[in-house]
Amino acid sequence: MGNRSAVLLQPEEVAEIQNDTGFSPSQIIRLYSRFHNLDKNNSGYLTRENLLGIPELAINPLGDRIVHSFFQEGDDEETLNFRQFMRTLAHFRPYRKSKDADHNLNSREEKLRFAFRMYDLDGDGLISREELLAVLHMMVGANISEDQLGSIADRTIAEADKDGDRAISFTEFCECMERVDVEQKMSIRFLH
Ligand code: CA
Ligand code: CA
């Protein structure tokens, strides 16, 4: 199966994807065969369900939210082709100062945008208290009471909200992430 997939990927395509995402040709070919393993009915596209079959996402408490963010680049399509899949994975490629330019998909700014979309469930550009609570729920599970979660959400919004609309905009989000090592936290090794 891996061989057949590798044959289908043209060298020009590999070069374009490498240029676009920063993955090496051998990584691209390996991810291509993974893409096809996830694409159970050989449609050439992955659905949300297919993506949740990625073990790194399946074990991640935020896997569901990450998959949600996969589908917010551009339009509201419900499927990802290989090129879109690679662009999404590129956000999680570890950032290396020496090799990666600031505008790359794995830059701090792009990682922050991706993280922001994980919280902004309705895609209106703001993280509301309800949206923050929903993510907190997923992260902590059942170990913390509703009241405690509510006060964590209130405190987080109070700290981050600068313009007083009781929601967190992308700019406010970036400000409160200033001291967080986003480059490291938003890196997932998809290949072992
Ligand atoms: Ca929102
Ligand atoms: Ca605000």
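In each ligand, atom 1 is the first atom listed, and ligand 1 is the first ligand listed. Only heavy atoms go into these numbers, but all of them, side chains included; no hydrogens, no water, no symmetry mates.
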* Give the name of the N/O/S atom in D122 that lies closest to the Ca ion (ligand 1). => OD1

* Quick check, are the ring centers of F92 and F114 under 6.0 angstrom apart? -> yes

* Return yes if a side-chain donor-acceptor contact under 3.5 Å exists between S107 and N104, otherwise no. => no

* Measuring to the Ca ion (ligand 2), does I168 have an N/O/S atom at a distance below 3.0 Å? -> no

* Atom name of the N, O or S atom in D163 that lies nearest to the Ca ion (ligand 2) -> OD1

* Asked: Passes salt bridge (Lys or Arg N to Asp or Glu O under 4.0 Å), E109 versus R113? Steps please.
  -> CA-CA 6 Å; E109 160 110 13; R113 274 193 199 289; 2.8 Å; yes

* Structure fact -> The atom name of the N, O or S atom in D124 nearest to the Ca ion (ligand 1) is OD1

* To do: Check D161 and report its N/O/S atom nearest to the Ca ion (ligand 2), by atom name.
  => OD1

* Do S151 and D147 meet the criterion of a side-chain donor-acceptor pair at a distance under 3.5 Å? -> no

* Asked: Is there an N/O/S atom in L126 that lies less than 3.0 Å from the Ca ion (ligand 1)?
  -> yes

* To do: Please work out the angle at the Ca ion (ligand 2) defined by atom O of A167 on one side and atom OE1 of E172 on the other, rounded to 10°.
  => 80°

* More than 12 heavy atoms of other groups within 6.0 Å of R83 CZ -> yes

* Nearest to the Ca ion (ligand 1), which N, O or S atom of D120 do we find? -> OD1

* Asked: Do S145 and Q148 have side-chain N/O donor and acceptor atoms under 3.5 Å apart?
  -> yes

* Structure fact -> Atom name of the N, O or S atom of D165 nearest to the Ca ion (ligand 2) is OD1

* To do: Taking the six-membered ring of F23 (Phe, Tyr or Trp), confirm whether the NZ or CZ of R93 is under 6.0 Å from its centre and within 45° of its axis.
  => yes

